[in-house]
Amino acid sequence: PDSPVDGRRDLNGDARRKMPVSREQYGRSRVEVRYSREMNHNYMIIEAPDQTETYECRMLEDNPMEGLLRFRARQKEQGREFYYEITSRQPLSRILERQRATAGIIRSLLVTLEKVLDQTECFLLPEEGLVLDPDYIYVKPDPFAAAFCFIPGRREDFFSELSMLLKQILERTDHQD
């Protein structure tokens, strides 16, 4: 499977897992994350928080940005869900389990992050919506091309998350490169 899951599946056969989120935004709850295949596409699906920024959803849907996972919001009976296209991609965490991070991988990741920050600023999207957890940064391995997940309404401390991401990457870095 192309997605990190805990082995549980729902009635449709979709893989499921829980993702930690901000206490400030969502209390002590967790966001439900599941994975689905539709036709020739794979999706990471996140239950939308109750108070989702409609502006942010519209910006992401109407303005695909290089370096961000393609985004769609769908209304379901139980509420809204966010769909992120992950076809032909693997989580960065899986890549780093198999190989050490080279200078090229780190450079590419940081250049992509810089482009994403520039683009999100142009569309007035807050950097706190970016998820900088390696399990939610999806990569096309050859050539290396990262895509970040942006969750509308999410408000995490960007610099703390960036620090944690860089720490995790440095632990898995090829220091001979």
Side-chain angles (χ1 to χ4, degrees), residues 1-6 15 17 19-22 31 33-38 40-46 56-73 82-177:
D2 286 335
S3 47
V5 295
D6 60 10
R17 74 180 292 186
M19 176 178 137
V21 296
S22 167
V31 170
V33 175
R34 62 188 174 91
Y35 299 87
S36 179
R37 180 184 307 248
E38 295 178 9
N40 295 326
H41 300 278
N42 294 320
Y43 296 96
M44 175 176 65
I45 304 167
I46 297 175
E56 293 176 10
C57 290
R58 293 290 304 205
M59 285 294 109
L60 291 169
E61 286 181 317
D62 294 345
N63 303 289
M65 296 175 222
E66 183 181 342
L68 281 184
L69 294 171
R70 292 212 182 266
F71 172 89
R72 267 189 338 204
F82 298 149
Y83 280 65
Y84 298 89
E85 169 97 36
I86 58 171
T87 306
S88 301
R89 294 182 181 273
Q90 297 179 25
L92 177 62
S93 59
R94 184 175 296 155
I95 300 291
L96 294 176
E97 285 174 5
R98 295 181 185 158
Q99 69 185 56
R100 294 260 180 213
T102 63
I105 286 175
I106 296 169
R107 187 177 308 109
S108 176
L109 188 66
L110 294 176
V111 166
T112 301
L113 180 57
E114 179 186 24
K115 287 179 184 176
V116 166
L117 290 170
D118 287 344
Q119 292 177 86
T120 54
E121 183 179 17
C122 287
F123 289 104
L124 304 176
L125 297 172
E127 61 196 17
E128 295 87 1
L130 285 171
V131 180
L132 299 181
D133 182 325
D135 285 339
Y136 301 93
I137 299 169
Y138 279 80
V139 174
K140 286 187 179 178
D142 194 27
F144 186 89
F148 292 85
C149 176
F150 185 99
I151 301 177
R154 181 175 187 268
R155 299 296 181 266
E156 286 289 335
D157 181 355
F158 175 80
F159 294 104
S160 293
E161 283 201 357
L162 180 60
S163 176
M164 291 294 293
L165 172 64
L166 294 174
K167 179 181 176 192
Q168 290 174 331
I169 290 172
L170 286 175
E171 289 172 356
R172 297 291 305 156
T173 297
D174 179 1
H175 295 284
Q176 303 301 318
D177 184 32

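The residues of the chain are indexed from 1 along the displayed sequence.
Residues Glu127 and Leu117 share a closest heavy-atom pair of CB-CD2, 3.9 Å. Across all non-hydrogen atoms, the minimal contact from Leu132 to Leu165 is O-CB, 3.4 Å. The two residues Glu128 and Glu156 have their closest heavy-atom pair at CG-O, 2.9 Å. Arg89 and Ala147 make their closest contact through NH1-CB, 3.6 Å (heavy atoms, listed as atom of the first residue, atom of the second, distance). For the pair Met44 and Cys149, the tightest heavy-atom approach, listed with the atom from each and the gap, is CE-SG, 3.8 Å. In plain terms, the two heavy atoms of Ile45 and Ser36 that are nearest each other are CD1-CB, 3.5 Å.
Within the 4.5 Å cutoff, the side chain of Leu166 has heavy atoms near those of the Leu110 side chain. You'll find the side chain of Pro91 reaches within 4.5 Å of the side chain of Tyr138, heavy atoms only. When side chains are defined from C-beta on, Gln119 does not count as touching Leu68, because their heavy atoms never get closer than 4.5 Å.
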> Step by step, would you call Asn40 with Thr87 a side-chain contact (heavy atoms from CB on, under 4.5 Å)?
Replying inline: CA-CA 8 Å; Asn40 295 326; Thr87 306; over 6 Å; no
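Rounding to the nearest 0.5 angstrom, the gap separating the CD atom in Gln168 from the CG atom in Leu96 is 8.5 Å. Note that CG of Leu125 is 4.5 Å distant from CZ of Phe150, once rounded to the nearest 0.5 Å. From Glu114, atom CD reaches atom CG of Leu109 across 12.0 Å, with rounding to the nearest 0.5 Å. Interatomic distance, OG1 of Thr112 versus CZ of Phe144, reported as 7.5 Å (0.5 Å rounding). The distance from the CZ atom of Phe148 to the CG atom of Leu113 is 4.5 Å, given to the nearest 0.5 Å. Asp135 CG to Arg94 CZ: the interatomic distance, rounded to the nearest 0.5 Å, is 9.5 Å.
The environment of Arg70 atom CZ is sparse: at most 12 non-hydrogen atoms of other residues, nucleotides or ligands sit within 6.0 angstrom. Residue Arg100 qualifies as enclosed at atom CZ: its count of foreign heavy atoms under 6.0 Å is above 12.
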Residues 58-67 side chain polar contacts: donor-acceptor under 3.5 Å, at least two apart:
| unit_1 | atom_1 | unit_2 | atom_2 | d |
| --- | --- | --- | --- | --- |
| Arg58 | NE | Asp62 | OD2 | 3.4 |
| Arg58 | NH2 | Asp62 | OD2 | 3.1 |
| Glu61 | OE2 | Ala73 | N | 2.8 |
| Asn63 | ND2 | Met59 | O | 3.1 |

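Between Tyr35 and Tyr43, the ring centre distance reaches or exceeds 6.0 Å.
Residues meeting the side chain to side chain contact (heavy atoms under 4.5 Å, CB included) test with Leu170, sequence neighbours left out: Thr173. Residues meeting the side chain to side chain contact (heavy atoms under 4.5 Å, CB included) test with Gln99, sequence neighbours left out: Ile95, Ile105. Among residues two or more places apart in sequence or in another chain, the side chain to side chain contact (heavy atoms under 4.5 Å, CB included) test is passed with Gln176 by Asp174. Under the rule for a side chain to side chain contact (heavy atoms under 4.5 Å, CB included), Ser163 has no partner lying at least two apart in sequence or in another chain. Scored by the side chain to side chain donor-acceptor pair (under 3.5 Å) test, Glu56 finds Arg155 as partners (sequence neighbours excluded).
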